[in-house]
Amino acid sequence: MNLSGFELDLWGDFCHSLIGLIISMKYYQWIRRVVPAFLIIYCLGGFLALLTPAYEVFPVFSWFLFPLTPGDEIHYELRVYEYGGVTVNPPCLYQEGGGRFVGEHSIELFELIQSLGRATESKNDLGEQGVLLLLENYLKAPYQVELVNVSYSPVERWKTGSAKIIPLKSFKSGNL
Amino acid sequence: MDFIRSFFSASKAHSSERAFLLGQEPFAIARTLIHVFYLFFLYYSLTRLTAWSQFQSFENLNPLWPVCWLRWVDPHWGARFIMVFAFLSAFMGAFFPKYCWVRIAVFFGFLEFLALKYSFGKIGHSTHLMLIVSFILIFLPRNWSEPRLPSRATRQTVLYVFWGVQAFILMTYTLAGLGKIGGAVYQFYLGQMHAFHPEALAYHIAERLLQTGNSSLLGAFFIEYPWLGFPAMLVMLYAQVFSFWVAFRPSLHRLWGGLLILFHISVSLTLSINFHPQVFLVGLFFLYSPFRRPVTLRYICVALPLFGFLFRSRS
C-alpha cells in the first residue's frame, strides 16, 4: 500500500494524537492516585511533626492552631531597663513600650521570649545564648533587660492589669 | 476511593464526581482561576519586596532547612538572592504558568522566601497554603493552558488537580477544627476553661492582645460582652470541623467560601491575627469554584454536614 504525503501526515497526526491520548489518560490515572496520597501523607506528616521540639517541620504542619483555650496563664516576658543606651524609667514590659522598641507588638518576639524563658529555667546555657542571639535582632544595644515570669488570668489582666510578676534573670548587651 | 467519596458526599446527586462530568465549562473556569492564582503570586511577591529592609537589618538567624545554605554564605547576600529569585520566578509564573519548570520555580522560590522569613525564631502559617497550592499545581498536565480545547483526559486531569487544591485547603481547616475539639475535650476533662465555654472567645482575645500588646477593632467589645460572640464562635467551629466534607459537596462551595472568609475577617478584627492571603485563596477556589451550580436554598441545606438530614423530605 502506497500512501501519499498528505495521507502520511494524517496518519502521523492520528498516531501522535493516539499516543498523546494514551499518555494523558495514563497521567490522569496517575494523578487520581497521587493527589489523595499527597493529602494523606501531608496529614500524617503533620501529626508526626508534633513529635519534634517545634511541633512542625516547615512546611509540614498539623494545623492545630489555638487548640487550647487560655485559662490561668504563665508566660515569660521582658522588662526593659535600658534600650539603645537610653534608660527606661520607669522600667516597662517590652510589649508595652509605646513605640520605643523594635517589633514590640511582634508575636515572633513573644515566642522568642518564651524560648528564652524555657532555656533559662532549664539552665540550658547553650540554648539561652542561641535565643539571645535571635533576640538581639530586636534589642538595640546597649540594653539591659530582665526576664520575668508572669502569671495571670487573661480577661482579668486585660481589664485591671493585675498579674503576678517574678523576676528570673537579667541580661545586658555584650554578655554573649 | 468510592467508600471515601460516599462517606463525605451528602448523596450521589451532591457528589463532586457528577460535577467532573459536566465537561468543558468547569475546565475553562478552573483554567482561568489557576491563571489568576499565579497572577496573585506576582502581586504578593511584589508586596513582600518590602521585607528586604527587615532582612538587611537583622543580624542573626536560625535558618530553616530549605535555607540551611545561608550558614555558609553572607546571609545578607543570600537574602538578596532569595528575594530576587522568588520575585523573578513569581514574575515568570504570572506570564508562563503553562510550563512545568516555571511552576516548579515558583514553588521553589516561594519555599526559599518563606523559609528565610521564618528563620528568625518563629514559623508563621498565613502563607503555607499558597506554598502548598503552588506545589500541587506543579502536577498540572501538559497543554493544560493552550487556547484550543485539550483532550477530555487533560481536562479531567486539570479538574482533578484543581479539586486536589480545594481538598487540601479544606483539610487544613478540618484539622484546625478537630484540634480545637480535641483540646476542648481535654480541658473539659481537666476542669479548665474550654472552647465550648461561653467566655472562651473573650479569653482567646484577651490572651492574644496581651501577648503582643496589640489592640483590635472589636477585641475590647467581645471581651466585655463575650456571650455575643459565642454563637458566632460555634458556627465558625462547625464550619472548620466539617470543611473537608465540602470538598465532596460542590453545592456548598460558595457558602463555605463565604463562611471561611468571614472567619478570617472576624479573627483579624478581634484577635488581630491576619491571614490575608488565605482570604484571597478561599475566595478564588470556593466563591468561584468551577464545580458550583445554581441550586436552591433547600438543596444547600440538605447538603449541610451533620444537619442536612433535618431538611430532607420524607417522601
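Basis for what follows: all heavy atoms, side chains included, without hydrogens, waters or symmetry-related copies. In what follows, chains carry the letters A, B, and so on, assigned in the order in which the sequence lines appear, proteins first and then strands, with residues in each chain numbered from 1.
- Of the atoms belonging to A:Phe47, it is side-chain heavy atoms, and not backbone ones, that fall under 4.5 Å from chain B.
- Contacts between B:Pro226 and chain A at a heavy-atom distance below 4.5 Å are absent for every atom of the residue.
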Open item on the list: Set out, in order, the CA-CA distance, both residues' side-chain angles and the distance that settles side-chain hydrogen bond (donor to acceptor under 3.5 Å, both in side chains) for A:His105 and B:Gln211, then state yes or no.
Closed with: CA-CA 8 Å; A:His105 298 313; B:Gln211 283 177 357; over 6 Å; no
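- Counting heavy-atom neighbours within 6.0 Å of A:Lys159 NZ, excluding the residue itself, gives a total above 12.
- Judged by distance alone, with hydrogens and angles left aside, the side-chain atoms of B:Asn60 form no donor-acceptor pair with the main-chain N or O of A:Leu134 at under 3.5 Å.
- A pairwise comparison of heavy atoms in B:Tyr160 and A:Pro36 identifies OH-CG, 3.7 Å as the closest pair.
- In B:Phe230, the CZ atom is crowded: over 12 heavy atoms of neighbouring residues, nucleotides or ligands sit closer than 6.0 Å.
- Between chain A and the options B:Glu207, B:Lys180, B:Lys122, the largest number of non-hydrogen pairs under 4.5 Å is found for B:Glu207.
- In terms of non-hydrogen atom pairs under 4.5 Å with chain A, the most contact-rich of B:Thr172, B:Leu114, B:Thr154 is B:Thr172.
- Only the backbone of B:Ala184 comes within contact range of chain A, judged by heavy atoms closer than 4.5 Å.
- In terms of heavy atoms, B:Leu175 sits closest to A:Cys43 at CD2-SG, 3.9 Å.
- The part of B:Arg208 that comes within reach of chain A is its side chain, from C-beta onward, which places non-hydrogen atoms under 4.5 angstrom from that chain.
- Only the side chain of B:Ile136 has a heavy atom closer than 4.5 Å to any heavy atom of chain A.
- Top candidate by heavy-atom pairs under 4.5 Å with chain A, chosen from B:Phe168, B:Phe120, B:Phe135, is B:Phe168.
- Interface check for chain A: of the options B:Gly183, B:Ala206, B:Ser272, the most heavy-atom pairs under 4.5 Å are formed by B:Ala206.
- Residues of residues 49-73 of chain A lying under 4.5 angstrom from chain B, judged on non-hydrogen atoms, are A:Glu56, A:Val57, A:Phe58, A:Pro59, A:Phe61, A:Ser62, A:Trp63, A:Phe64, A:Leu65, A:Phe66, A:Pro67, A:Leu68, A:Thr69, A:Pro70, A:Gly71, A:Glu73 in numerical order.
- Put simply, the side chain of A:Tyr42 reaches to within 4.5 Å of the side chain of B:Ile132, judged on heavy atoms.
- Contacts with chain A were tallied for B:Gln192, B:His197, B:Met171; B:Met171 has the most, counting heavy-atom pairs under 4.5 Å.
- The CH2 atom of A:Trp158 sits 4.5 Å away from atom CD1 of B:Ile223, with the distance rounded to the nearest 0.5 Å.
- Not less than 6.0 angstrom separates the ring centroid of B:Phe139 from the ring centroid of A:Phe38.
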